[in-house]
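Beneath this line is the structure, given in structure tokens, with notes to follow.
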Amino acid sequence: MSDDAGLQALREAARLSPDNLPLRRHLAGQLLAQGYLADAEAEFRAALVLAPKDPGITAGLAEAFVRQSAHGSALAALEPLLAEPGYPPALGVLAARALLGEGDTARAGYRYHEAISRDPSVADADLAARLSPPPAPSHAAPAQPQGTADPVAPPVTPYGAPAPPYGVAPGPVAPASGPGASAEVEHSKLSFADVAGMDAVKEALRVKLLLPLQQPELFAAFGKRAGGGVLLYGPPGAGKTHLARAAAGELGASFVNVGLADILDMYIGSSERNLRATFDLARRNRPCVLFFDEVDALAARRSDMRQAHTRQLVNQFLAELDGVDQHANEGVLVLAATNAPWYVDVAFRRPGRFDQPVFVPPPDHAARAAILRILCRDKPLAEMDFDAVARITDHFVGADLKGVVDRAVEAKLHQSISAGRAIPLTTPDLLAAAQSVRPTAVREWMATARNYVMHANDSGTWDELMPWVKGKW
Ligand code: ADP
């Protein structure tokens with residue numbers, strides 16, 4: 001029997017016995033193993049209804065999310081279990097993968113090392129290579145299972161970082177503190193010149209964000225007012241955060257960067273207060289770009305986990321975004337980013353909110369060369385052929401290219417230390433580093449996007465993605 005026929009039989013059996021938990025669990029596992037990620041997700045959800053909080057099923061669901069780049073949703077799924085002392089270490093590894101997918105290397109590292117210290121058999125060499133070495137257990141998050149925290153230690157969020165200083169009345173500028181501080185005010189020195197490629201995206205942001213503030217009379221003449229938000233979406237590592245930071249710098253605005261998973265992490269009931277405090281922080285620092293990363297974690301439309309609580313948070317978020325009056329958010333530009341736009345609640349896309357999602361694409365050849373040039377510009381360089389490196393880094397996004405440059409620089413630093421002088425970086429250094437770095441999941445992301453564009457695009461929401469998903473990945 002072929003795999004597909006086997007699966008077909010299993011699906012049929014599950015349809016006939018919807019309450020047969022072992023069968024549904026088996027079907028879900030098979031779907032996951034064979035890469036039918038959306039179907040696996042649906043099956044794991046169905047199984048979770050039969051056995052809420054089952055760690056194996058939760059792990060399967062989280063894995064299906066991670067492989068679809070829905071990292072925020074994976075973390076939301078894992079959160080209730082991670083909050084319990086002695087949770088299965090395999091879940092910690094999954095959380096680490098999701099956190100890494102969100103670019104949160106520090107917390108991914110805590111999670112991973114905490115998990116393998118309890119069960120070395122869950123080690124994942126590939127993941128370990130992408131993480132930094134275990135952090136020294138100093139003032140930051142102790143590698144300690146949740147729920148067993150020392151009562152005098154700082155509060156710890158379910159993902160292992162100390163809770164941010166919300167609840168403490170924030171001053172005019174929030175303190176910049178350790179890894180758990182999720183809302184702090186930055187003054188970005190980046191501008192659009194520091195963002196390679198993405199001309200169409202930069203233009204869209206200019207019109208939507210910058211021009212209304214720079215030329216208010218023009219916008220007023222057409223009855224438009226500044227405000228609302230822009231939803232940036234695209235594969236992880238393609239530069240959404242970088243772009244948001246550059247938009248703030250371009251505008252001379254302050255920048256507040258919030259991981260939504262952080263807000264969700266915090267003690268139940270305080271999340272609404274944290275959200276309000278975050279918007280207030282931005283309002284006190286206007287003009288301000290308020291950036292919400294992993295917005296799918298809040299707007300997990302299809303997630304039935306903690307639904308009532310999530311719904312309440314979505315409403316609060318939208319109320320803050322709409323503002324109590326038309327001046328409430330003047331000078332506050334809200335950018336949100338997601339790797340999984342299909343999970344974002346449609347209420348977010350109503351006019352005046354995030355009504356124009358903007359796709360941040362993976363870089364093409366020319367953009368990769370330009371990103372490499374930017375990443376290398378403050379390093380000692382020999383004559384460089386960035387085009388040659390761009391040619392062998394198909395499917396690499398900005399974050400991957402940063403990994404390549406970091407690796408090459410590290411090797412060069414060792415050589416320079418031995419030689420006692422700075423030895424410039426060369427093209428072969430970058431080529432060698434590129435060969436040892438594996439690109440992140442752009443191909444998988446495109447496969448997921450293709451599913452949505454082809455099968456769930458009735459309203460034309462994903463038209464912009466059409467030419468991309470039809471390309472070769
Ligand atoms: P995302 O938010 O989409 O996951 P990031 O903005 O965190 O991705 O990108 C990771 C890093 O890659 C950035 O810090 C930046 O150094 C680099 N990068 C990504 N895209 C670009 C770009 N277009 N130009 C210059 N650097 C980039």
Side-chain angles (χ1 to χ4, degrees), residues 69 100-101 103 105-106 108-109 125-133 188-202 234-246 249-250 339 359-446 468 471-473:
S69 303
L100 190 65
T105 319
D126 186 42
L127 177 61
R130 293 164 60 206
L131 290 168
S132 41
S188 168
K189 291 196 178 61
L190 296 178
S191 71
F192 279 162
D194 299 294
V195 182
M198 298 197 209
D199 290 336
V201 181
K202 286 191 248 182
K240 297 181 285 297
T241 310
H242 186 65
L243 185 69
R245 201 170 256 123
E250 185 83 18
N339 304 331
F359 178 48
V360 176
D364 60 10
H365 173 104
R368 289 196 299 277
I371 291 175
L372 287 163
R373 192 168 296 115
I374 287 177
L375 290 170
C376 290
R377 71 185 159 191
D378 55 350
K379 320 264 185 275
L381 296 178
E383 194 176 322
M384 301 299 284
D385 182 356
F386 291 118
D387 271 337
V389 187
R391 265 196 297 281
I392 68 156
T393 47
D394 231 11
H395 299 148
F396 281 53
V397 289
D400 301 323
L401 295 171
K402 187 163 186 305
V404 168
V405 172
D406 286 349
R407 191 169 284 215
V409 164
E410 213 166 286
K412 217 67 214 179
L413 202 59
H414 282 163
Q415 282 178 28
S416 300
I417 289 169
S418 309
R421 66 189 162 82
I423 305 178
L425 201 63
T426 64
T427 307
D429 292 332
L430 287 184
L431 291 171
Q435 244 121 31
S436 65
V437 170
R438 271 206 313 158
T440 45
V442 174
R443 195 178 273 147
E444 241 177 31
W445 191 91
M446 282 294 175
W468 289 92
K472 261 184 92 195
W473 293 98

message = Taking side chain to side chain donor-acceptor pair (under 3.5 Å) as the cut-off, I'd like each qualifying pair that reaches into residues 188-199, sequence neighbours left out, listed once.
response = D194-R377
Which heavy-atom pair separates [X] from [Y] by the least distance, and what is that distance?
| X | Y | answer |
| --- | --- | --- |
| P235 | V442 | CB-CG2, 4.3 Å |
| D400 | P439 | OD2-CA, 3.7 Å |
| L430 | A408 | CD2-CB, 3.8 Å |
| F192 | E250 | N-OE1, 2.7 Å |
| A108 | L100 | CB-N, 3.7 Å |
| A434 | I392 | CB-CD1, 3.8 Å |

query = In terms of ring plane angle, is the pair F359 and W445 parallel, tilted or perpendicular, where the classes change at 30° and 60°?
reply = parallel
Please tabulate, one pair per line, all N/O donor-acceptor pairs under 3.5 Å involving side-chain atoms of residues 366-374, not counting sequence neighbours.
residue: R368; atom: NE; partner: A390; partner atom: O; Å: 3.1
residue: R368; atom: NE; partner: T393; partner atom: O; Å: 3.1
residue: R368; atom: NE; partner: T393; partner atom: OG1; Å: 3.4
residue: R368; atom: NH1; partner: P363; partner atom: O; Å: 3.1
residue: R368; atom: NH2; partner: A390; partner atom: O; Å: 2.9
residue: R368; atom: NH2; partner: D394; partner atom: OD1; Å: 3.4

ask   = Under the 3.5 angstrom rule, does the side chain of K240 hit a backbone N or O of G234 as a donor-acceptor pair?
value = yes
query = Ignoring hydrogens and geometry, is there a side-chain-to-backbone donor-acceptor pair from T427 to D385 under 3.5 Å?
reply = yes
Any residue meeting side chain to side chain donor-acceptor pair (under 3.5 Å) with [X], in chain and number order, not counting sequence neighbours:
| X | value |
| --- | --- |
| D378 | none |
| H414 | none |
| R443 | H395 |
| K412 | Q415, D429 |

ask   = Should the pair R391-D387 be classified as a salt bridge under the 4.0 Å nitrogen-to-oxygen rule?
value = no
task = Assess whether atom NZ of K402 is packed by more than 12 heavy atoms of other residues, nucleotides or ligands within 6.0 Å.
result = no
inquiry  = Counting C-beta onward and ignoring hydrogens, is there a side-chain heavy-atom pair between F386 and C376 closer than 4.5 Å?
reply    = yes
request  = Taking the side chain as every heavy atom from C-beta outward, state whether R421 and I423 have any pair of such atoms under 4.5 Å apart.
outcome  = yes
inquiry  = Using 0.5 Å steps for rounding, measure from the CG atom of L375 to the CG atom of D406.
reply    = 8.0 Å
